[in-house]
Peer 1: 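Handing you a structure now.
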Amino acid sequence: MSIEDRAPSAHAVAREQHATTGQPRTGQWRYDLITERWWWSPETYRIHGFEPHEVVPTTDLVLAHKHPDDREQFRQIMEAAKVSGDPFHSVHRIMNARGRERVITLVGQGRRHIDTGEVMELMGYFVDTTAPVCERAETMAGDHIRAAAAHRGTIEQAKGILSVTHGLTIDEAFEVLRATSNQHNVPVRELAARLINLGRILPLDEHRRHCVDEFLRNPL
């Protein structure tokens with residue numbers, strides 16, 4: 001069964017999901033390799049920022065809306081599909097007719113001539129995945145920010161220990177941590193965590209500095 005055979009029911013489901021649940025907008029497309037004519041469903045026009053049938057889709061128009069950094073990769077994928085007819089996909093950015101950047105997932109496959117086996121048509125779906133991609137990026141950014149804050153807290157505590165035991169400034173203490181990290185190939189945050197654990201059992205006498213020096217010589 002080809003994509004074209006499956007398209008009507010899949011498209012109806014996608015439109016219903018978008019209307020009721022805010023799922024990614026999905027549109028159909030076909031590209032006739034013999035006539036070089038494109039066909040877009042109404043939703044594909046909307047993904048590109050047009051009203052249905054507002055423009056005539058052409059290869060030049062399709063390429064013009066690809067993000068400049070993604071255009072060549074998309075072109076190569078389509079050229080390969082024209083030859084092989086195999087299923088293919090691409091995740092890339094477009095600039096729609098309103099000048100807004102969208103993240104698009106394209107899936108497709110070829111249709112061959114029943115007698116010659118020549119690839120005559122490419123067909124598939126455009127899926128606007130901008131919202132899920134942005135949500136994922138925001139979640140990852142939040143995770144990175146929280147992790148960075150936790151790491152900074154650990155490193156600040158370790159710098160404080162060195163400042164007390166060795167009479168160093170905060171900047172000097174960080175340089176000691178960084179030098180030790182490079183020498184022993186241990187990440188600074190991991191080295192700092194180990195030093196904090198050591199700090200919990202350091203003696204309260206003149207031997208504190210000696211214990212920290214021993215740790216810095218061999219933190220593994």
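Computed from heavy atoms alone, side chains included, the values below leave out hydrogens, waters and symmetry copies.
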Peer 1: Would you indicate whether E36, at its atom CD, is surrounded by more than 12 heavy atoms from other residues, nucleotides or ligands within a distance under 6.0 Å?
Peer 2: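 Counting neighbours around CD of E36, 12 or fewer heavy atoms of other residues, nucleotides or ligands fall under 6.0 Å, so no.
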
Peer 1: Any sub-3.5 Å donor-acceptor pair from T44's side-chain atoms to Q28's backbone N or O?
Peer 2: yes

Peer 1: Would a single hydrophobic cluster contain both F88 and M120, if residues Ile, Leu, Val, Met, Phe, Trp and Tyr are joined by side-chain heavy-atom contacts under 4.5 Å?
Peer 2: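 Different clusters: M120 never reaches F88 through Ile, Leu, Val, Met, Phe, Trp or Tyr contacts under 4.5 Å.
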
Peer 1: Would H92 and I77 count as a side chain to side chain contact (heavy atoms under 4.5 Å, CB included) here? Give the steps.
Peer 2: CA-CA 11 Å; H92 57 271; I77 289 172; over 6 Å; no

Peer 1: Carefully, step by step, assess I94 and H48 under the rule side chain to side chain contact (heavy atoms under 4.5 Å, CB included).
Peer 2: CA-CA 8 Å; I94 68 169; H48 286 80; 3.9 Å; yes

Peer 1: Among T180, I170, L195, find the one that has a side chain to side chain contact (heavy atoms under 4.5 Å, CB included) with L162.
Peer 2: L195

Peer 1: Hey, is the main chain of L106 close enough, under 3.5 Å, to the side chain of S90 for a donor-acceptor pair?
Peer 2: no

Peer 1: More than 12 heavy atoms of other residues, nucleotides or ligands under 6.0 Å from CZ of R112: is that the case?
Peer 2: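 For R112, atom CZ is crowded (more than 12 foreign heavy atoms under 6.0 Å).
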
Peer 1: Is the shortest side-chain heavy-atom distance between T130 and R100 below 4.5 Å?
Peer 2: no

Peer 1: Can you find a pair of side-chain heavy atoms, one from L177 and one from K159, that are under 4.5 Å apart?
Peer 2: yes

Peer 1: Does some side-chain heavy atom of F174 sit less than 4.5 Å from a side-chain heavy atom of V188?
Peer 2: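 In short, these two side chains touch, coming nearer than 4.5 Å.
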
Peer 1: Can a donor-acceptor pair be found, under 3.5 Å and without considering hydrogens, that links the side chain of D128 to the backbone of R25?
Peer 2: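 No; zero donor-acceptor contacts below 3.5 Å.
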
Peer 1: Does D60 have any side-chain contact (heavy atoms from CB on, under 4.5 Å) partners at least two apart in sequence or in another chain, and if so, which?
Peer 2: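 Once residues adjacent in sequence are excluded, the partners of D60 under the side-chain contact (heavy atoms from CB on, under 4.5 Å) criterion are T58.
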
Peer 1: Output yes when a side-chain donor or acceptor of H67 lies under 3.5 Å from a complementary backbone atom of D69, and no otherwise.
Peer 2: yes

Peer 1: Any luck finding a side-chain donor-acceptor pair between T169 and D171 under 3.5 Å?
Peer 2: no

Peer 1: Taking atom NE2 of H89 as the centre, report whether more than 12 heavy atoms of other residues, nucleotides or ligands fall under 6.0 Å from it.
Peer 2: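 No.
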
Peer 1: Using modelled atom types and a 3.5 Å cut-off, is there a donor and acceptor pairing between side-chain atoms of R71 and backbone atoms of K66?
Peer 2: yes

Peer 1: In a check of ring-ring contact (aromatic ring centres under 6.0 Å, His included) between Y45 and each of W29, F126, W39, W40, which one passes?
Peer 2: W40

Peer 1: Near Q76 CD, under 6.0 Å, is it more than 12 heavy atoms from other residues, nucleotides or ligands?
Peer 2: yes

